[in-house]
Amino acid sequence: MAGNNQRFDSFARRMRDGLIALNQGRYGIDELGKFLLGVAIVCMIASLSRIRLFWFLSTALLLWQLFRMYSRNYPARARENSWFMGKTERQRAWFSLLDKRWTNRRTTRYIRCPHCKKVFSLPKGKGKIRATCPHCHEQSIHTT
């Protein structure tokens with residue numbers, strides 16, 4: 001029995017070392033890769049409806065994500081990720097603000113400036129106050 005454990009440990013060590021060697025010098029996963037993986041999973045779930053287009057789409061997205069992950073062409077993958085991050089900046093900012101609002105919901109009130117339409121925060125429970133927008137420096141009265 002001890003011989004089997006030693007063989008398994010040796011096999012597991014060789015597999016681990018092989019995976020480390022395979023991934024060495026590769027680009028890895030980034031924000032675009034995570035997005036592709038998420039969309040591929042959604043398409044896989046949608047493919048259960050027997051629409052073959054979703055299956056082909058999920059397979060193509062997974063293959064593209066694996067290609068990007070195992071690529072050694074760092075500059076090209078970084079350019080792709082930078083392009084993706086630029087295109088999704090507004091959506092990511094909206095989700096970030098949503099998360100911040102939920103986290104600080106007991107202590108902070110988030111107000112949209114009536115002049116520039118930017119969102120800024122005010123402390124809760126101070127009553128009626130005059131607030132200055134940090135973006136356009138216009139003053140307005142708000143109830144917190």
Side-chain angles (χ1 to χ4, degrees), residues 5-144:
N5 281 343
Q6 284 179 345
R7 270 190 257 150
F8 178 76
D9 290 343
S10 174
F11 173 74
R13 193 175 309 112
R14 283 194 318 265
M15 288 295 292
R16 185 193 67 213
D17 293 343
L19 285 173
I20 289 171
L22 174 69
N23 289 318
Q24 209 163 23
R26 305 296 178 157
Y27 186 71
I29 195 153
D30 57 4
E31 295 303 316
L32 177 56
K34 291 175 190 175
F35 177 76
L36 291 173
L37 190 60
V39 173
I41 289 171
V42 168
C43 287
M44 277 184 198
I45 292 169
S47 72
L48 296 175
S49 66
R50 307 264 190 228
I51 300 174
R52 294 182 64 89
L53 175 68
F54 288 120
W55 183 84
F56 285 118
L57 189 59
S58 68
T59 304
L61 289 171
L62 282 175
L63 289 174
W64 185 24
Q65 196 272 341
L66 283 172
F67 166 75
R68 292 187 77 257
M69 192 170 79
Y70 284 109
S71 172
R72 291 182 188 229
N73 190 352
Y74 275 79
R77 303 296 83 83
R79 274 193 311 272
E80 291 169 355
N81 190 52
S82 177
W83 174 84
F84 173 75
M85 296 298 278
K87 292 292 184 186
T88 60
E89 187 173 359
R90 288 185 67 190
Q91 293 83 2
R92 287 181 293 111
W94 185 81
F95 279 111
S96 176
L97 180 62
L98 197 64
D99 182 48
K100 188 189 276 189
R101 280 183 173 191
W102 179 255
T103 303
N104 301 328
R105 68 188 179 277
R106 290 192 174 99
T107 60
T108 308
R109 178 138 187 247
Y110 290 89
I111 305 294
R112 187 172 298 277
C113 175
H115 301 285
C116 68
K117 308 297 185 213
K118 299 273 187 175
V119 176
F120 63 96
S121 61
L122 295 174
K124 258 189 180 176
K126 302 294 182 188
K128 194 178 250 189
I129 60 173
R130 179 179 302 224
T132 303
C133 175
H135 305 283
C136 68
H137 304 291
E138 291 288 332
Q139 291 187 348
S140 54
I141 296 176
H142 300 280
T143 304
T144 62

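Side-chain contact check for Leu62 versus Phe67: every heavy-atom pair is 4.5 Å or farther apart. The side-chain heavy atoms of Gln91 and Thr88, taken from C-beta on, include a pair separated by under 4.5 Å. When side chains are defined from C-beta on, Cys133 does not count as touching Ser140, because their heavy atoms never get closer than 4.5 Å.
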Audit row: Val119, Leu97, side chain to side chain contact (heavy atoms under 4.5 Å, CB included) steps and yes/no: CA-CA 9 Å; Val119 176; Leu97 180 62; 4.1 Å; yes
**Study point:** Candidate pair His142 and Thr144, rule side-chain hydrogen bond (donor to acceptor under 3.5 Å, both in side chains), full reasoning
**Key:** CA-CA 6 Å; His142 300 280; Thr144 62; over 6 Å; no
Using the rule given for side chain to side chain contact (heavy atoms under 4.5 Å, CB included), can you reason through Ile111 versus Arg109, listing the C-alpha separation, both sets of side-chain angles and the distance that settles it, and then say yes or no? CA-CA 6 Å; Ile111 305 294; Arg109 178 138 187 247; 3.7 Å; yes
Just do the side-chain hydrogen bond (donor to acceptor under 3.5 Å, both in side chains) check on Arg14 and Ser10 with the steps written out, would you? CA-CA 6 Å; Arg14 283 194 318 265; Ser10 174; 3.0 Å; yes
Margin query: I'd like to know whether Leu36 forms a side chain to side chain contact (heavy atoms under 4.5 Å, CB included) with Trp64, so could you lay out the CA-CA distance, the side-chain angles of the two residues, the decisive distance to 0.1 Å, and finally the verdict.
Written below: CA-CA 8 Å; Leu36 291 173; Trp64 185 24; 3.5 Å; yes
One pair to check against side chain to side chain contact (heavy atoms under 4.5 Å, CB included): Glu138 and Thr132. What are the steps and the verdict?
CA-CA 6 Å; Glu138 291 288 332; Thr132 303; over 6 Å; no
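One distance of note links CG of Leu122 with OG1 of Thr107; it measures 11.5 Å at 0.5 Å rounding. Interatomic distance, Ser82 OG to Glu31 CD, rounded to the nearest 0.5 Å: 12.5 Å. Separation of atoms CG (Leu48) and SG (Cys43) is listed at 11.5 Å; rounding is to 0.5 Å. Rounded to the nearest 0.5 angstrom, Tyr74 OH and Arg26 CZ are separated by 9.5 Å. Taking CZ of Arg52 as the start and CG of Leu57 as the end, the distance is 13.5 Å to the nearest 0.5 Å. The OG1 atom of Thr143 lies 9.0 Å from the CD1 atom of Ile129; values are rounded to the nearest 0.5 Å.
Ring centers of Phe35 and Phe84: under 6.0 Å apart, within the cut-off.
The nearest pair of heavy atoms linking Gly33 to Asp30 is N-OD1, 2.9 Å. The shortest non-hydrogen separation linking His115 to Cys136 is CB-SG, 4.2 Å.
Panel note: side chain Arg92, backbone Met85; a donor-acceptor pair is recorded below 3.5 Å. Between the side chain of Ser58 and the backbone N or O of Phe54, at least one donor-acceptor pair lies under 3.5 Å. With hydrogens and angles ignored, the 3.5 Å screen pairs no side-chain donor or acceptor of Tyr70 with any backbone N or O of Gly28. The closest donor-acceptor contact from the side chain of Thr108 to the backbone of Arg105 lies at 3.5 Å or more, if one exists at all. Between the side chain of Thr103 and the backbone N or O of Asp99, at least one donor-acceptor pair lies under 3.5 Å.
The local environment of CD in Gln139 is crowded, with over 12 non-hydrogen atoms from other residues, nucleotides or ligands closer than 6.0 Å. Heavy-atom contacts from other residues, nucleotides or ligands closer than 6.0 Å to NZ of Lys124 number more than 12. More than 12 heavy atoms of other residues, nucleotides or ligands lie within 6.0 Å of OH in Tyr110, so this atom counts as buried by the packing criterion.
Taking 4.0 Å as the cut-off between side-chain N and carboxylate O, Glu80 and Arg77 count as a salt-bridged pair.
Under the side-chain contact (heavy atoms from CB on, under 4.5 Å) rule, Leu32 has a single partner from Gln65, Lys87, Arg68, which is Arg68.
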